[in-house]
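What follows is a structure written as structure tokens; I'll ask about it next.
Chain identifiers are assigned alphabetically (A, B, ...) following the order of the sequence lines, protein sequences preceding nucleic acid strands; residue numbering begins at 1 within each chain.
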Amino acid sequence: MKINALNLTEKEYLLPGNRTCPGCALSLAYRHILKALEGQAVVTVPASCLTVLHGMYPVTSVEVPCVNTPFASTAASATGLVAGLKALDRKGLTVVAIAGDGGTHDIGIQALSGAAERQTDFIYICYDNEGYMNTGNQRSSSTPLGAISGTTPILGKQQSQKDMTAIMEAHGIPYVATANASYPLDLYEKIRGAMLIQGTRFIHVFTPCPPGWRFPFNDTVRIGELAVQTGWVVLYEVEHAVFRLSSASKSIAQRGNLRPVREYLAEQGRFQNITEKQINELQERVNARWQRCLARTPDL
Amino acid sequence: MIDKNTPRKADIRILDGNHAAAQGAKLSRIQVVAAYPITPQTPVTEALSEFVEGGELKAQYIAVEGEHSALAVCTSASMVGARTFTATSSHGLAYMHEMLHWTAGARLPVVLACVNRAIGAPWNILNDQQDSISQRDTGWIQIYARNNQEILDSVIQAYRIAETVYVPVMVCYDGYVLSHTEMPVAVPSQEEVDRFLPPYKPHTILDPANPKNYNLVTLANPRVNTEGVLCHGYMELRYLLQEALQNSRETIAKVGREFGEQFGRHYSGMFWEDRLDDADIVIVAMGSLATEAIVAADMLRKEGHKVGVLGLRVFRPFPKSDLVKALKKSRLIVVFDKNISYGSEGATCSEIKSALYGTDVNAVIRDFVVGLGGRDVKARELADAAKRSLPSLKEGVLNTEYPEWICDI
Ligand SMILES: Cc1ncc(C[n+]2csc(CCOP(=O)(O)OP(=O)(O)O)c2C)c(N)n1
Ligand code: SF4
């Protein structure tokens, strides 16, 4: 059955009243991730905005068994959960590691790469708000070129982003996907699909952050949509080496109506000092990736 | 060591320290092993993977990509309820530092074998105890073995202790001196060990039917839960860990006693005593150095000195009150440290001074730093150092500011 807003489960695993900022896309994404998992999961969470979302002892907003783990250790913690459940012969639980881009692209990449190489049977979700938001918005290796952050305060970031999904695909794991909090049903279906696959599964979820990116908090969904409409984010999945565009990215590819990246950048205060040269460079990167995706999609 | 009257429930095998540790872990029926190679610990990881691949040990062996991950794997697997084991040395232990705190803070009974090795810079793969001593404040129980039999026995006891008090245990033994030196070791039968070590009961159940969130953010003060009950704050949780370590002395002694009753090898105390009854000079050392100290004491006894040896077995919790009792008659305490707290003195010496402060033991205390980075320590040197310390008895100088270093070759 194709999932839609009407038949999506009403059960909430993420309770109202969590500690994220208003308009936080992580909160929106996490709500649907947990719905897809139907609570039959153990999650491991490193230091991040997600830790804050989970609450302050002794109160939590999340109804799923969760262990917190040090910043660098997310995928290793997941490995331990998988090994422990296996050793005790406990079946039917999906182990899910969820970390930010800092916890994934930067400090946690070693543990993640190791876990993927060992073909650990778990789902790793990176929610990407393109910076270290928990510590107040410093640059990460996922912060875009030209973006102002706490550690690129005047000139903006001078380097471009790391393509983490491509890095994970290069590990030869059975499933990688990109998703976006503004497309919750696509995200939901990707989690459901990933749950049926054995081995390491990596899902990269784009999660706009109003205070960090400097846009009004009621624009979150629109910013996420704009990211897809301009090709800043491409929604796809690669299952057992078979590439497939999904959701809005698929229709954009069919219609051929990609909008200029400039429209996306202009909506966010973090790009206020970006140069023309940088905008062009970003547009070229977006174009190149879009072409790569189209080349992998022979029949649209 | 082996009581002739006890029925044969063990095989005598020639084992080096690393294989004694691996045997101890195997007999403890560990369920998850995660480890990363580092000299001189590497043979432990190899032996365990051989047990697992050969079908002798039913466990998940995780060949992690680094030590931080090794302990993260063990910590999370222990959270699920599996009995876990890891082993490391030196830089590997330092690399685990963050996780060491986390494991103890989460009150998980992980057992770790630390094969004591010097730490760089500069590189040095040989023995001293700087690595584990540097981790003394992470909340782990630390047991030091004097010989390979004690390594095997201590690993088995470590699980009983850890799973009773919910504090992780580090079993430390000297690199090369024990890790790569073969000795006869009584390897108990699986049935015997099963009788001694019941299965692990976790304090935590990760169950979707009753979802719980572990190690959430805490704030400075206790907070109420949704039922209005005031729950612990960070400081209360830290106090509970301290209390658990303080009280673990009873458990360590009880487990040691029961081990002795069953296996004929007795471990009732926090330290080993040799001729302390009439000794006014006491040599204190930890690990294999304690064995060397006994030879030194023999030499000094022959020369007419009343010398005894106190071999520390448990460094954390530090056995303050027991030690004060044992040192009651001493007038001169000569401490040998295979570690240095830079800018201060050896860690064992500091601990002993702190234990004796305010008691009526008014002994002169001398600290000697020895054996760093594998420098050979001879019994003769220990004996000479003790003799060198004698004049201070007459002079009445209780303490020197800094330790003396013995760098003889
Ligand atoms: C070893 C270590 N270094 C630094 C920190 C401080 N720290 C906590 S969260 C965080 C940033 C997290 O960034 P990211 O993973 O992108 O998640 P986000 O906060 O953006 O959700 C940092 C640097 C830490 N907890 N541990
Ligand atoms: S800082 Fe950004 S990611 Fe973090 S809670 Fe706020 S909106 Fe969400």
Side-chain angles (χ1 to χ4, degrees), chain A residues 13 19 34 37-47 51-52 54-90 92-95 97 107-108 110-118 120, chain B residues 30-34 36 58-84 98-99 101-102 106 110 200 202 204-219 222-227 229-234 237:
Chain A
Y13 299 90
R19 286 178 180 257
L34 295 181
L37 292 166
E38 290 179 342
Q40 293 308 302
V42 180
V43 303
T44 178
V45 173
T51 323
V52 177
H54 267 257
M56 306 285 159
Y57 183 78
V59 179
T60 178
S61 59
V62 182
E63 288 211 319
V64 66
C66 168
V67 303
N68 284 273
T69 196
F71 199 18
S73 69
T74 320
S77 166
T79 306
L81 295 173
V82 171
L85 291 169
K86 213 163 171 184
L88 300 190
D89 212 17
R90 280 182 66 185
L93 285 176
T94 304
V95 171
I107 201 167
Q110 172 185 318
L112 172 56
S113 178
E117 184 274 335
R118 292 188 301 268
T120 308
Chain B
I30 52 170
Q31 294 165 301
V32 174
V33 196
Y36 192 77
K58 196 174 163 293
Q60 302 291 315
Y61 184 94
I62 315 289
V64 282
E65 77 300 326
E67 290 88 351
H68 192 278
S69 287
L71 193 50
V73 167
C74 288
T75 300
S76 283
S78 181
M79 194 82 138
V80 171
R83 184 172 283 160
T84 63
E98 179 188 34
M99 286 308 310
H101 277 286
W102 197 270
V110 175
Y200 163 40
T204 293
I205 306 288
L206 295 167
D207 180 9
N210 182 20
K212 293 232 160 64
N213 221 303
Y214 291 97
N215 300 308
L216 273 176
V217 179
T218 50
L219 297 177
R223 299 178 74 232
V224 289
N225 68 13
T226 46
E227 275 97 50
V229 180
L230 194 65
C231 295
H232 291 316
Y234 182 80
L237 295 170

*Between B/Val64 and chain A, which part of the residue has a heavy atom less than 4.5 Å away: side chain, backbone, both or neither?*
both
*Which is it for A/His54 and A/Val43 under the side chain to side chain contact (heavy atoms under 4.5 Å, CB included) test, yes or no, and what are the steps along the way?*
CA-CA 11 Å; A/His54 267 257; A/Val43 303; 4.3 Å; yes
*Any idea which of B/Pro222, B/Ala106, B/Ser78, B/Ala72 has the most non-hydrogen atom pairs under 4.5 angstrom with chain A?*
B/Ala72
*asked:* Let's test your reading of the structure: which of A/Ser113, A/Pro70, A/Ser77, A/Ala76 forms the most heavy-atom pairs below 4.5 Å with chain B?
replied: A/Pro70
*Tell me, side chain or backbone of B/Ala63 under 4.5 Å from chain A's heavy atoms, or both, or neither?*
backbone
*Top of B/Asn210, B/Val229, B/Asp207 for chain A proximity - count of heavy-atom pairs under 4.5 angstrom*: B/Asp207
Contacts table for residues 79-89 of chain A: side-chain donor-acceptor under 3.5 angstrom, sequence neighbours left out:
{"from": "A/Thr79", "atom 1": "OG1", "to": "A/Ala75", "atom 2": "O", "distance (Å)": "2.7"}
{"from": "A/Thr79", "atom 1": "OG1", "to": "A/Arg118", "atom 2": "NH2", "distance (Å)": "3.3"}
{"from": "A/Asp89", "atom 1": "OD1", "to": "A/Lys91", "atom 2": "NZ", "distance (Å)": "3.2"}

*asked:* I need the residue from B/Ser69, B/Cys74, B/Pro208, B/Ala70 with the largest number of non-hydrogen atom pairs under 4.5 Å to chain A.
replied: B/Pro208
*Quick check: does any side chain N or O of A/Tyr13 sit under 3.5 Å from a backbone N or O of A/Glu38, one acting as donor and the other as acceptor?*
yes
*Taking everything shown except A/Phe71 itself, do over 12 heavy atoms lie less than 6.0 Å from its CZ?*
yes
*Please walk me through it: do B/Asn215 and A/Val67 pass side chain to side chain contact (heavy atoms under 4.5 Å, CB included)?*
CA-CA 7 Å; B/Asn215 300 308; A/Val67 303; 6.0 Å; no
*Side chain, backbone, both or neither: which part of B/Glu65 has a heavy atom under 4.5 Å from chain A?*
both
*Go through the atoms of A/Val64 and report whether side chain, backbone, both or neither lie under 4.5 Å from a heavy atom of chain B.*
backbone
*At their closest point, which heavy atom of B/Ile30 faces which heavy atom of B/Ala59, and how far apart are they?*
O-CB, 3.4 Å
*Contact part of B/Leu219 toward chain A, heavy-atom cut-off under 4.5 Å: side chain, backbone, both or neither?*
side chain
*Among the options A/Gly114, A/Gly55, A/Ala72, pick out the one with the most heavy-atom pairs lying under 4.5 Å from chain B.*
A/Gly55
*Trace of the side chain to side chain contact (heavy atoms under 4.5 Å, CB included) decision for B/Met99 with A/Ser73*: CA-CA 9 Å; B/Met99 286 308 310; A/Ser73 69; 4.2 Å; yes
